[in-house]
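These notes are about the structure you will find just below.
Throughout, protein chains are lettered first and strands after them, A, B, ... in sequence-line order, and every chain is numbered starting at 1. As the structure is a prediction and not an experimental result, all values here were calculated from the model.
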Amino acid sequence: MLVVLASPLLAGVPIPVGTEVRILLHQLSFGLLFPQPCPSGTSPLQCTAWTEILWYAVLPEVLLALLVGAALGLSGAALQGTFRNPLADPYLLGISSGGTLGAAFLFIFRLGVAQANLVLPLLAFIGSLGTGVVILLASRYLGGSVETLLLVGVALANVLSAILSVVLLFNPVGSIQVSFWLLGGLGGATWDRDGLVLGGLLMAGAPLLLLGRELNLLQLGGDVAQSLGVDARRVRNRLLLLASVATSIAVAFTGIIGFVGLISPHVVRRVWSSDYRAVLPGSALVGAAFLLLAHDLSVVAVPTVVLPVGLFTAFVGAPFFFLLLFRHRRGVYMGGGA
Amino acid sequence: MSASRPVEVEDLSVRFGARSALSRVSWTASAGELVALAGPNGSGKSTLLRACLGLLAPTQGTVRLFGTDCGQLSIRERARRVAWVPQEEAPRDNLRLIEYVLFGRYAHLPPFTGESADDRRTAERALAEAGLADRAESGILELSGGERQRLLLARALAQETPLLLLDEPTAHLDIGHQLDLFERVRRQVRDRGLCAIAAMHDLNLAARFADRILVLSHGRLVSDGPPESVLSVPLLREVWGVETELRRDPHSHRPYLLPLRAAAEGRLSSPADRRLGPVHVVGGGGSASPVLRRLVDEGFHVTAGALPLLDTDADTAAELGIPFSAEVPFAPIGELARVRTQELLSTARAVVIAPVPTGPGNLVNLELVEALGHPERVLWLNRRADLDYTGGRANELAERLLTRGATEVNDLDALVDQLRRVIPAASFPAAVALS
């Protein structure tokens, strides 16, 4: 994990590792430790530049990767558990379509492009969460079975995609921006944004982590869970709402990053336990580590160019996942962690 | 809570759209009672169980659990009163048995806390009661089908509820595991005073283990009582559409049924009047039993008599639901039995005489047959002159009948063939004649 943490620091600009650590500690301790973080012989200007780069460019991105990875991992685990389907992922309910449409509005109508820093996430967030809530309400009105929920989700996602296509058809410029956004990226990370993501993640994630036992029981089927004392419908709605919030936060700040939410729960189940009290926090950790790794690779893969991180989650994730499938047959524990 | 019964169902109806799954069912179950819920597929067994579990709401009427309306109990409270053993469960994750059984403790846990040492002890005890104590740490995917079903029982027992509902828990099990599971349930009912209600397809299993059998048909309660009073040949024909033979299990003294075949389409919904006959059988001492069984099998409407009570043939007739005239054991046929026999004979379209030893006490049976005046409708099965203990009067009577048109037959097949020929064609019901 530490290696993963350290790697991006080496990425964009070559900074000696020792110096890097010292700069970090200097900043973290508000200047108390290592008053002179840079080795003697480095010009003060360079030292300042390194500090700035680390503190204001690299570190927020690292933190964003960790937070978003955790949100996606957690949301994926919750949805796989709720739907009892190993193929469920955070975008299952069409949340991504809603987010994309929200973001597209910004690109197309150029709403406050100048101060786009928070408008884009806000629109995407509203689009995503709005979609999630609409689906939940609609399915409740229609009877509330899992199948209804999925069908409503698929239907709504298609409608939203259709609207998006129509809108983009008349806005070629906007469509390029939207497709970049769709690939997902951690660019534009700032401490402020990280703070917002952290806040949202705590709000949605903490209650989610408390539902592990209920998720275990839901795996036996709604009726059995209910006969054991779980209010299956209420727990399911709560899970979906919280997972929607977690996903929406991720979508708002980083676009659509695939694969993290899908495979993190599987990794935990394979190497650790299928008890949801372990799968939920485990998926958050694995998701965080995984997205950071993908982020690092996206930075170093092609010098001077930062590729969209969404590409790397698939490139790295898929082979790793295959390896895991082959190595760990059912019920075999190998120990260790990601 | 007036001495609250575990389950009180009052005027319960459940409707799915236009289809009525249960209509106006009322019954109660007591503590210390094992109730079997029987009925053909689609008769409403599962619906009734699910209504008791609160998994579906009644369209009309109420289900009360220990005095409280099921719908007013919270899901958690309900789970502390009633536990469920489903027909099967297909777990995907290889949890340990003890973890699985601990799920049963959920309704007893305060929110956001783990299981206590007490919960663990309860779970371990439940595993022991299900005969899985030594497997507590194994993975559930390693269990056989029978063990898995016992695991579900253990989970339900860990719930520590006074009421246990089982939905065909042995549907997929071999006979050994079937007996084992119900013996365990039986023990819980006896030792703990639980009330257990099990939907069951195997009526012999139900007759053997249940204190009471409830029979549902098309969503209605058609019979409710101890196995020996509920299970009868006509009921089985009416409700399940099967021809059966009822015996008595010599060990448990419970009724034991032998399914013969599905009732023919025409007979399925039709009562006795559309069957072939009636055929009256004269027998005694067990000589007529094979004849009675075979004729019922073949779909004839059969009567018999006069027979002494407690005689093998009388028992067989009672089992098969055959009307017969009776006399007290070891007594000559008296006036009452004579009149009753005459009545039966007068409606008979054919008479079968089984190879019964004839003495002064029962010669009157043969005399009544002769007096009927239709020797051409009399079939004599395996007639033996040496069974005449009347000093020749029986044999003389037989000779007379045979010379006037009665037929001797040597086996049951020939008897059935001959009967179909003798009984006038006009009396064949159309449905049977066409099939």
Please look at Arg84(A) and chain B and tell me whether the side chain, the backbone, both or neither of the residue comes under 4.5 angstrom of a heavy atom of that chain. both

Looking only at non-hydrogen atoms, find the nearest pair between Gln226(A) and Ile75(B) and report the distance. O-CG2, 3.6 Å

Cut-off 4.5 Å, heavy atoms of chain A, and the answer for Leu109(B) is side chain

Does any part of the side chain of Arg155(B), heavy atoms only, come nearer than 4.5 Å to the side chain of Val224(A), both counted from C-beta? yes

Within the structure provided, determine whether Tyr106(B) and Asn216(A) are in side-chain contact (heavy-atom separation under 4.5 Å). no

Tell me, for Arg50(B) versus chain A, whether the close heavy atoms (under 4.5 Å) come from the side chain, the backbone, both or neither. side chain

On a heavy-atom basis, which atom in Ala79(B) and which in Ser227(A) lie closest, and how many Å separate them? CB-O, 3.5 Å

